Every structure is written in structure tokens, then in C-alpha cells.
Chemist: 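Can you keep this structure in mind? I'll have questions shortly.
Note that the coordinates shown come from a computational prediction; the quantities given were computed from them, not determined experimentally. Throughout, residue positions are numbered sequentially from 1 according to the sequence presented.
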Amino acid sequence: MPGGRLTQQDRQRIAAGLTDGLSYREIARRLDRPTSTITREIARNGGPAGYRPQQAHQTAIQRARRGTPAPPRAATQPSTLEQEIIEMAVRAGMPRTTARVHHDLMLSKDGRRTAAELARRLNVSPAAVSVAVNYLIQQGYARRERDPQHRRDIYVIDNDVWYHSILISRRQTIETVRATMAAAETYGLDSPVGQRLAKTAAFLEHVSLDMIESADRWRPLLT
């Protein structure tokens with residue numbers, strides 16, 4: 001491994017990179033380390049949301065003194081490739097825990113998980129899972145089903161959610177169009193500001209129409 005063992009300063013830089021939303025690959029590049037080293041370091045020390053550099057360093061020292069391997073991970077940890085997919089979702093604006101929940105749902109065999117399963121697999125609190133799935137449902141990326149036998153909710157990702165997520169995105173765009181056009185009329189359609197806002201509203205409206213037409217045309221690919 002280039003540079004030998006991770007130092008306390010290295011671990012502080014890892015924590016800073018996670019706070020700044022950097023990908024594992026970028027953190028590794030800045031430390032001149034293999035991406036796999038950064039992935040293992042974060043995975044064995046609480047994951048991206050729970051990484052603490054001082055605690056991680058003390059654990060590494062104790063492990064080196066004992067000469068024993070790292071303890072088994074309690075949560076299901078993503079591979080380097082999967083982590084990169086999560087990081088891309090984060091860079092696109094999705095909260096990190098939400099991105100992890102979404103990715104775990106995507107990888108489930110039948111596209112279904114309970115809140116308890118998600119919390120256990122990702123080693124996060126039930127409250128964090130609740131916030132994450134509510135975001136996914138609001139954006140159309142997942143849906144909630146009720147299991148009456150066990151009185152619990154099941155969160156589902158199937159092919160149809162992608163179509164419905166586009167419908168929700170279009171509805172949000174149309175709301176923006178209406179608000180922008182109302183602002184244009186308030187400023188006056190003959191004013192520079194009003195004209196700029198009106199052009200923006202027209203552009204967004206046409207894009208949203210093209211988007212739904214394309215979604216309808218290609219929806220059979222999901223069946």
C-alpha cells in the first residue's frame with residue numbers, strides 16, 4: 001500500500017473529504033492511496049455517516065497491537081463500484097442516507113424491504129430510514145405497501161416506479177412554470193424581467209411536454 005499504514009492525519013483528511021461530499025476515489029487520489037484502502041477504512045469504522053477519525057485511529061492502533069484482524073462488519077457494506085454509484089447520487093443532490101437506502105432497495109432480489117431490514121442492513125436508525133423512504137416516495141423512486149398480517153410497511157422499487165417518478169418530476173416542473181409565468185405577469189410582459197421569466201416558463205413547459213411524451217413512448221420497455 002503506497003505510504004504504509006494510514007496515519008491520524010490521513011484519517012482526518014478522510015473525514016474532511018466525507019464531509020465535503022467527495023467520492024472515495026477522489027479521497028484516495030488526494031491521499032495517494034488505493035480506492036480499496038479508503039473503502040475498507042470507512043466500512044470498518046462506522047461507514048460514511050459514522051466515520052470518526054480519532055476513534056478509527058485508536059481502533060487501528062489496538063488492532064495492530066493485538067495482531068488480530070478487523071472485527072466483522074455489522075452492516076452490509078457496498079463494493080467499491082456500488083459506493084461510486086451512491087456517490088454519484090449524492091453529487092446529483094440526493095442525501096447520502098437516502099442514496100444508500102435507494103441503492104439497497106435496488107439490489108434486493110424482489111425490490112422489497114421493510115424499514116427494520118433497511119435499518120439493520122445499513123446500520124442506521126429507524127428515524128433515518130423513515131426520512132429516506134419518505135423522500136424516495138415523494139420523488140416517485142419507491143412506493144409504500146402495507147403488510148396487514150404483520151402490521152408493517154414494505155418499501156418497494158419495481159419497474160413502474162421509474163415512469164411514475166417522471167410524472168412527479170413533470171408535475172413539479174409544471175408548478176414551476178405556473179409560478180414563473182405568474183411572476184412574469186407581475187413584472188409586466190413588456191419589461192425585461194417579465195420577458196426573461198416568460199421565456200423561462202415557455203422553455204420549461206416545452207421540455208416537460210417532451211419528457212412525458214418520451215416516457216409514454218418508451219414505457220413498454222419497463223413491462
Chemist: Relative to the ring of Y141, is the ring of W162 parallel (under 30°), tilted (30 to 60°) or perpendicular (over 60°)?
Modeler: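 Geometry flag for Y141 against W162: tilted rings.
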Chemist: Drop me the distance from M94's CE to H103's NE2, to the nearest 0.5 angstrom.
Modeler: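 Here the rounded value is 12.0 Å.
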Chemist: If you draw a 6.0 Å radius around CZ in R91, do more than 12 non-hydrogen atoms from other residues or ligands fall strictly inside?
Modeler: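 Result for CZ/R91: enclosed.
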Chemist: Say you draw a straight line from CZ of R30 to CG of D10; how long is it, rounded to the nearest 0.5 Å?
Modeler: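 Separation between the atoms: 14.0 Å.
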Chemist: How far does CD1 of I42 sit from CD of Q83, to the nearest 0.5 angstrom?
Modeler: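 Between I42 CD1 and Q83 CD, I get 7.0 Å after rounding to 0.5 Å.
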Chemist: What is the minimum heavy-atom distance between G194 and A184, and which atoms define it?
Modeler: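 G194 and A184 have their closest heavy atoms at O-CB, 3.4 Å.
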Chemist: Quick one: which of L31, I27, L6 gives a side chain to side chain contact (heavy atoms under 4.5 Å, CB included) with E41?
Modeler: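 With E41 as partner, side chain to side chain contact (heavy atoms under 4.5 Å, CB included) holds for just one option, L6.
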Chemist: Within the side chain of E185, is there an N or O that forms a donor-acceptor pair under 3.5 Å with the backbone of A182?
Modeler: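 Not a single qualifying donor-acceptor pair exists.
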Chemist: Measure from the side-chain N and O atoms of T180 to the backbone N and O of T176, and report whether any donor-acceptor pair falls under 3.5 Å.
Modeler: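 Judged by distance alone, yes, a pair lies under 3.5 Å.
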Chemist: May I ask you to decide whether E26 forms a salt bridge with R29, counting only side-chain N to carboxylate O separations under 4.0 Å?
Modeler: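 Yes, charged N to carboxylate O under 4.0 Å.
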Chemist: Drop me the distance from H102's NE2 to Q139's CD, to the nearest 0.5 angstrom.
Modeler: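 Those atoms lie 10.5 Å apart.
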Chemist: Quick check: does any side chain N or O of T39 sit under 3.5 Å from a backbone N or O of T35, one acting as donor and the other as acceptor?
Modeler: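 The answer is yes, because a donor-acceptor pair under 3.5 Å joins these two groups.
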Chemist: Taking D20 for its side chain and L22 for its backbone only, find out whether a donor-acceptor pair lies under 3.5 Å.
Modeler: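 No: the side chain of D20 does not pair with the backbone of L22.
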Chemist: For T37 and R33, indicate whether the former's side chain and the latter's backbone hold a donor-acceptor pair under 3.5 Å.
Modeler: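 A pair under 3.5 Å: no.
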Chemist: To the nearest 0.5 Å, tell me how far E145 CD sits from D153 CG.
Modeler: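 Nearest 0.5 Å value for the CD-CG distance: 10.0 Å.
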Chemist: Which distance, rounded to the nearest 0.5 Å, do you find between the OG of S108 and the OH of Y155?
Modeler: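 The distance works out to 14.0 Å.
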Chemist: State which residue, out of Q62, Q12, R52, R11, fulfils the side-chain hydrogen bond (donor to acceptor under 3.5 Å, both in side chains) condition with H57.
Modeler: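 So, applying the side-chain hydrogen bond (donor to acceptor under 3.5 Å, both in side chains) to H57 and each of Q62, Q12, R52, R11, only R11 qualifies.
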Chemist: Between the main-chain N or O of M211 and the side-chain N or O of S214, is there a donor-acceptor pair closer than 3.5 Å?
Modeler: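 Not at all, since once roles are kept as given, no pair shorter than 3.5 Å links the two residues.
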Chemist: Mind listing the closest non-hydrogen atom pair of V161 and D158 along with its distance?
Modeler: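 Scanning both residues completely, I find the closest heavy atoms to be CG2-O, 2.9 Å.
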Chemist: Determine whether a donor-acceptor pair (N or O, by modelled atom type, separation under 3.5 Å) exists between the side chain of S169 and the backbone of S165.
Modeler: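 Looks like no, no N/O pair under 3.5 Å.
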Chemist: Does atom CZ of R25 have more than 12 heavy-atom neighbours from other groups under 6.0 Å away?
Modeler: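 Incorrect, the count does not exceed 12.
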Chemist: Check for a donor-acceptor pair, side chain of R144 on one end and backbone N or O of I154 on the other, with a separation under 3.5 Å.
Modeler: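 The answer is no, because no donor-acceptor pair under 3.5 Å joins these two groups.
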